[in-house]
Amino acid sequence: MKLKWTLLTFIFTIATVLTGCEPLLVLDPKGPQAATTADVIWLSIITMAFIVITVLVLLIIILVKYRASKQDDDYEPPHIEGNPIVEGIIVGIPILIVIFLSIVSVVSTYQVETVPEGYEDQEPLVIYASSSNWKWHFSYPEQDIETVNYVFIPTDRSVQFKLYSHGPITSFWVPQLAGQKYAMADMVTTINLAAESAGEFMGRNANFSGEGFAENTFNVIAMPQDEFDTWVDDIHDTADPLTEDIFNELLEPGHLGQLAFTGTHLEFSPPPEGEHGGHNHGSSDDTEQSEDEHDDSEHDHH
């Protein structure tokens with residue numbers, strides 16, 4: 001009786017605590033890309049729960065049905081050969097589960113990597129999001145402004161973030177709008193998203209990058225297009241211009257608040273695109289030298 005009341009108290013306590021918890025951000029999507037990710041998570045949870053519950057039920061049945069019982073001393077259990085039906089089930093069902101989850105993963109990956117569904121015919125807002133220790137820089141080339149540790153985006157419009165890093169590898173993640181994408185120092189990666197409701201959403205670096213990693217966060221504020229245009233005008237009226245000296249100071253390791261500037265660092269510190277894109281870790285001089293050596297070797301060969 002005491003064990004029963006202890007178990008009931010434990011279940012009631014857990015239910016009470018969970019009732020007061022806010023929903024996980026990744027399961028509270030505010031955009032089509034995040035909704036796809038949330039659907040895949042729920043589908044995976046349901047699939048795994050079905051497997052676990054089925055296995056536990058079968059375990060209980062087997063333990064009860066085939067439990068040890070008193071037998072005569074001369075009792076010999078019957079010799080049983082392999083059962084093709086049972087063997088087919090225990091091998092076939094896991095294969096079907098893996099195939100099912102693989103198809104779901106591939107389809108959902110293509111969905112979240114492309115422009116959000118319903119926004120294909122719309123010109124996206126391009127924002128360069130670059131990280132440094134331990135802050136985020138958001139450059140709007142079309143609007144000619146730059147912000148630090150916060151980014152404004154219009155609702156119901158496709159937004160394309162071009163990601164790279166001024167230091168170690170980081171991971172751009174806004175749980176309610178999109179999944180994670182790495183930002184690296186020698187190439188630009190792209191993540192597409194759209195916010196279908198106004199609000200403020202938490203974003204962060206999801207890849208450990210040193211002692212300041214825990215506070216390497218930013219805010220994403222989604223608003224109607226007209227309010228976004230007004231905000232852009234306000235930045236041009238009130239913010240100071242971003243110079244190369246100021247930007248170099250911003251790159252120094254440390255934490256900062258939210259800042260805004262007119263102009264972007266893309267003018268004097270361009271992202272690693274074109275000849276500087278990809279995984280080219282050598283300098284242009286090294287490349288030219290290797291090409292000259294290659295030409296000389298071909299000449300000597302002839």
Side-chain angles (χ1 to χ4, degrees), residues 31-34 37 109-117 119-195 201-207 209 216-222 225 228 231-232 235 242 244 247 250-251 258-281:
Q33 308 298 65
T37 302
T109 298
Y110 275 100
Q111 288 177 343
V112 299
E113 283 293 318
T114 58
V115 176
E117 185 177 356
Y119 297 88
E120 296 86 355
D121 299 330
Q122 189 183 83
E123 186 70 22
L125 171 64
V126 177
I127 302 174
Y128 283 81
S130 56
S131 62
S132 64
N133 286 334
W134 290 274
K135 57 196 79 73
W136 286 90
H137 312 262
F138 297 96
S139 307
Y140 298 74
E142 183 181 346
Q143 288 72 25
D144 196 35
I145 60 176
E146 182 158 328
T147 59
V148 178
N149 291 334
Y150 79 100
V151 56
F152 277 36
I153 61 173
T155 54
D156 299 317
R157 181 179 177 183
S158 175
V159 181
Q160 185 178 84
F161 284 96
K162 293 185 175 294
L163 314 174
Y164 65 101
S165 172
H166 297 281
I169 295 177
T170 56
S171 180
F172 180 91
W173 187 32
V174 186
Q176 291 181 279
L177 296 179
Q180 301 180 46
K181 200 65 169 289
Y182 284 118
M184 294 167 276
D186 64 345
M187 65 182 297
V188 174
T189 55
T190 301
I191 188 169
N192 297 286
L193 58 83
F201 311 110
M202 186 274 292
R204 67 166 299 108
N205 166 27
N207 186 66
S209 59
N216 194 187
T217 61
F218 59 92
N219 293 324
V220 180
I221 300 92
Q225 182 68 51
F228 175 79
W231 170 75
V232 172
I235 295 297
L242 180 64
E244 188 170 1
F247 182 67
L250 296 177
L251 293 181
Q258 296 182 348
L259 304 172
F261 302 92
T262 58
T264 72
H265 74 265
L266 304 177
E267 301 170 2
F268 47 80
S269 180
E273 292 183 309
E275 62 177 336
H276 303 292
H279 294 283
N280 178 19
H281 296 280

Do [X] and [Y] have side chains that get closer than 4.5 Å, going by heavy atoms?
X	Y	result
Gln176	Val220	no
Pro124	Val115	no
Leu125	Phe228	yes
Trp136	Asn216	yes
Tyr119	Asp156	yes
Leu193	Ile153	yes
His265	Glu146	yes
Pro272	Met187	no

Euclidean distance, [Y] [atom2] relative to [X] [atom1], rounded to 0.5 Å:
X	Y	atom1	atom2	result
Ser139	Leu242	OG	CG	8.0 Å
Leu177	Gln33	CG	CD	10.0 Å
Ile191	Glu113	CD1	CD	7.5 Å
Thr190	Tyr128	OG1	OH	8.5 Å
Lys135	Gln258	NZ	CD	14.5 Å
Leu251	His137	CG	NE2	5.0 Å

For a quick test of reading the model, state the closest non-hydrogen atom pair linking [X] to [Y] and the distance between them.
X	Y	answer
Asn205	Ser171	OD1-N, 2.9 Å
Tyr150	Ala260	OH-CB, 3.3 Å
Asn192	Thr114	CB-O, 3.6 Å
Pro32	Ala194	CD-O, 3.5 Å

Q: Begin with the C-alpha distance, continue with both residues' side-chain angles, and end with the deciding distance and a verdict on side-chain contact (heavy atoms from CB on, under 4.5 Å) for Thr147 and Ile235.
A: CA-CA 10 Å; Thr147 59; Ile235 295 297; 5.6 Å; no
Under 3.5 Å: donor-acceptor pair, side chain of [X], backbone of [Y]:
X	Y	answer
Asn219	Met202	no
Gln122	Ser158	yes
Ser165	Gly167	yes
Ser269	Leu266	no
Glu142	Val126	no

Q: Please say which of Thr170, Leu163, Ile169 ends up in a side-chain contact (heavy atoms from CB on, under 4.5 Å) with Met184.
A: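 So the option named by the test is Ile169.
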Q.
I'd like to know whether the aromatic ring centres of Tyr140 and Phe138 sit less than 6.0 Å apart in this structure.
A.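 Ring-ring flag for Tyr140/Phe138: false, centres at least 6.0 Å apart.
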(Q) Counting the benzene-type ring for Trp, do Phe261 and Phe247 have ring centres under 6.0 Å apart? (A)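 Between Phe261 and Phe247, the centre distance exceeds or equals 6.0 Å.
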Q: Among Phe218, Phe172, Trp173, find the one that has a ring-ring contact (aromatic ring centres under 6.0 Å, His included) with Phe161.
A: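 Answer to the ring-ring contact (aromatic ring centres under 6.0 Å, His included) test with Phe161 among Phe218, Phe172, Trp173: Phe172.
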Q: Determine whether more than 12 heavy atoms belonging to other residues, nucleotides or ligands lie under 6.0 Å from atom OH of Tyr182.
A: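 Incorrect, the count does not exceed 12.
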Q) Do Gln143 and Phe152 pass the side-chain contact (heavy atoms from CB on, under 4.5 Å) test, and can you show the C-alpha distance, the side-chain angles, and the key distance before you say yes or no? A) CA-CA 12 Å; Gln143 288 72 25; Phe152 277 36; over 6 Å; no
